[in-house]
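What you see below is based on every heavy atom in this structure, not just the backbone, and it leaves out hydrogens, waters and symmetry mates.
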Amino acid sequence: MSNQNIEQCVRDSLESYFRDLDGEAPNSMYDMLLRVVEKPLLEVVMSQADHNQSRAAEWLGLNRNTLRKKLVEHQLL
């Protein structure tokens, strides 16, 4: 899947989100979007890395301790 496909998926989801709001003002969208994207990202990368945190952190470009903190925040540990 290319980056463009991922970007279009995000666009489509955001368009749907705004339609579902039906004119209501959104709140804290940035934080909400980061939360809903980060968890599946971590789940898939950890699975692909055979749950090796060092490897997953390297793939994500994160410090291993930062990855661990994010895994705990998303209740993935």
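Qualifying salt bridge (Lys or Arg N to Asp or Glu O under 4.0 Å) partners for Glu7, counting only residues two or more places apart in sequence or in other chains: Arg11.
The CD atom of Glu43 sits 5.5 Å away from atom NZ of Lys39, with the distance rounded to the nearest 0.5 Å.
Here the side chain of Ser16 pairs no donor or acceptor atom with the backbone of Asp12 at under 3.5 angstrom.
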Only distances under 3.5 Å count here; give the side-chain donor-acceptor pairs of residues 52-77 to other protein atoms, sequence neighbours excluded, each with its distance to 0.1 Å.
from: Asn52; atom 1: OD1; to: Ser54; atom 2: N; distance (Å): 3.1
from: Asn52; atom 1: OD1; to: Arg55; atom 2: N; distance (Å): 2.8
from: Gln53; atom 1: OE1; to: Arg64; atom 2: NH2; distance (Å): 3.3
from: Arg55; atom 1: NH1; to: Ala49; atom 2: O; distance (Å): 2.9
from: Asn63; atom 1: OD1; to: Asn65; atom 2: N; distance (Å): 2.7
from: Lys70; atom 1: NZ; to: Glu38; atom 2: OE2; distance (Å): 2.9
from: His74; atom 1: NE2; to: Glu38; atom 2: OE1; distance (Å): 2.8

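The other residues sharing a hydrophobic cluster with Leu34 are Tyr30, where clustering joins ILVMFWY side chains under 4.5 Å apart.
Cluster membership for Phe18 and Met32, using ILVMFWY side-chain heavy atoms within less than 4.5 angstrom, is shared.
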